[in-house]
Protein chains: 2
Amino acid sequence: MPTLSASEGMVVSRDQIVTDSWGERAEATLVAAGHKRGGARRAVVELLDSQQCALTAVEIEDALRGGADGTEGTEGADGTRARRRVSRASVYRILDELEQLRLVQRVETGQTMVRYERVCEHEEHHHHLVCDECGVVMPFSDKALESAIETLSERVPLKVSEHEIVLHGSCRDCAA
Amino acid sequence: MPTLSASEGMVVSRDQIVTDSWGERAEATLVAAGHKRGGARRAVVELLDSQQCALTAVEIEDALRGGADGTEGTEGADGTRARRRVSRASVYRILDELEQLRLVQRVETGQTMVRYERVCEHEEHHHHLVCDECGVVMPFSDKALESAIETLSERVPLKVSEHEIVLHGSCRDCAA
DNA sequence: TTTACTGCAAATTATTTGCACGGTT
DNA sequence: AACCGTGCAAATAATTTGCAGTAAA
C-alpha cells in the first residue's frame with residue numbers, strides 16, 4: 001500500500017484520505033489481486049494514467065513503442081520511465097485484467113476497434129462524441145444527463161453498474 | 001409506392017400521410033435508391049420489421065432458417081411468407097445497405113457481435129439494457145433522458161445525428 | 001524456486017470481398 | 001438484354017490462446 005503523505009499525489013479531506021492518482025490505485029489494486037509487477041503492465045498502466053480519453057489496443061502499442069502521435073511524455077511524476085515496447089498480445093491481456101478489476105472501461109464507438117480508458121472513482125466520468133467522418137473521439141460530460149441516468153437506473157429491471165453514452169455526428173472540421 | 005388507403009397500415013393525420021409500417025418505408029426507400037426487390041432482402045426486412053429489439057447477423061440468419069428461438073412468426077400482415085434461408089454474407093450486405101439508408105441502426109452492446117435494429121421515425125426510439133452475466137438485451141425509453149440529450153446536443157462541438165445509450169448490469173434473474 | 005509475466009506465432013471469430021450464377025426489370 | 005442480388009468460398013482484421021523463455025516474490 002502507498003505511504004500516506006499529504007505532499008505527493010494525495011488528497012486529504014476531512015473524512016477520508018484518497019490517492020488522487022489512478023495509476024497508484026491501479027497498482028495497488030493489482031497487487032491486492034495477487035499480481036506481480038511486470039514491466040509491460042506498468043508501462044500500459046502509466047500510459048493510460050497519462051491519457052484523458054479512450055485508446056485502442058493498437059494506439060497503446062504504438063504509443064509505447066514511441067509513436068509519433070500526441071501520446072508522448074509518458075513519464076511518472078517520480079521520474080519513472082516505464083515506456084518500453086509491449087507486444088500486442090500483452091496489451092490485450094493487460095487491458096482484460098484491468099477491465100475485470102474495473103480499473104478500465106471499454107468504450108464502443110462503432111469503429112471496429114474497441115477503445116479503453118481508465119475509470120476514475122473520484123472524478124466525474126465522461127462520455128464520448130464520435131465524428132463518423134474522420135473518426136475523431138472527444139470526451140464530454142453533462143450533469144443533467146448524469147442525473148437523468150441516475151433516476152432512470154432505479155426504475156429499470158436491471159441492477160445497473162455502468163452506462164455508456166455515445167453521440168455520433170460530424171465534427172466541426174468535417175461539417176464545414 | 002404503396003397505395004394510399006386509410007385502412008391498411010396507414011395513418012392519416014391533418015398534415016401528412018405516412019405509412020406506419022417500417023417495412024413499407026424500407027421497401028419504398030430501397031426502390032427509390034435504385035434497388036431491385038430480391039428475395040433475401042425482403043426476408044431480412046420482414047424479419048426486422050417483426051422485431052422489437054436488436055438482433056445480431058447470426059440471429060437473423062438463424063431466425064430466417066427457421067430458428068428455434070423466439071423469432072418465429074415472420075409473416076406479413078397480407079400473408080406474405082418471405083422466410084427463406086439467407087446466406088450470412090447477404091445478411092451482412094443487406095444490413096449494410098439498410099444502415100446507409102438509415103433504415104437500421106447498429107447497437108454496440110459490448111458483446112463481440114454487433115446488433116442491428118430498425119429505425120422508426122414516427123416512434124419514440126429506445127435504448128438498451130444489457131445484462132453482462134447472461135447477455136440478454138432489453139429495450140427501454142425515457143423522456144427525461146431524451147430531452148437531456150437534446151439540450152446537450154446543441155452545446156457540443158459536433159453536429160449530432162445519432163446517439164446511443166447502453167446501461168450495463170445484472171438482470172433480475174442473474175442478480176437473484 | 002515457485003509462480004506470474006511476456007513475446008512470438010498460431011488459432012479463432014466476426015465481418016468483408018471476389019466471382020459466377022440466377023432473378024428482376 | 002442489362003444489371004442487380006445472392007450464395008459460396010476465400011480473404012481480412014481484430015482479438016485470443018498455446019507455449020517456451022524471463023523475471024518477480
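Side chains are part of it too, since the values below use all heavy atoms of this structure and drop only hydrogens, waters and symmetry mates.
By the 4.5 Å heavy-atom criterion applied to side chains, B/Phe140 and B/Leu167 are counted as neighbours. Using a 4.5 Å heavy-atom threshold, the side chains of B/Arg41 and B/Arg93 count as separate.
Heavy atoms of B/Val58 sit nowhere under 4.0 angstrom from any nucleic acid atom. A/Val86 comes within contact range of the sugar-phosphate backbone alone, with a heavy-atom separation under 4.0 Å but no base atom that close.
Of the N and O atoms on the side chains of A/His126 and A/Glu146, not one donor lies less than 3.5 Å from an acceptor on the other residue. Donor-acceptor pairing under 3.5 Å is recorded for the side chains of A/Glu162 and A/Gln105.
Of the side-chain N and O atoms in B/Arg41, one or more sit less than 4.0 angstrom from OP1 or OP2 of D/dG5. In terms of phosphate contacts, A/Arg42 brings no side-chain nitrogen or oxygen within less than 4.0 Å of OP1 or OP2 of D/dA23.
For A/Lys36, counting side-chain heavy atoms from C-beta on, the closest listed nucleotide (D/dG5, D/dA23, C/dG7) is D/dA23. Closest to the side chain of B/Arg85, from the set D/dC8, C/dT6, D/dG5, is D/dC8.
Taking the six-membered ring for Trp and the full ring otherwise, A/His163 and A/His125 have centroids separated by under 6.0 Å.
B/Met113 belongs to a hydrophobic cluster whose remaining members, ordered by chain and number, are B/Val58; membership requires side-chain heavy atoms of ILVMFWY residues under 4.5 Å apart, directly or through intermediates.
Remark: P of C/dT15 and CD of B/Gln111 are 12 Å apart, rounded to the nearest angstrom. If you take CZ of A/Arg115 and C1' of D/dT15, they are 16 Å apart, rounded to a whole angstrom. With rounding to whole Å, B/Glu59 atom CD is found 12 Å from C/dA14 atom P.
For the segment residues 87-98 of chain B, the set of residues with a heavy atom within less than 4.0 Å of an atom of DNA chain C comprises B/Ala89, B/Tyr92, B/Arg93, in numerical order.
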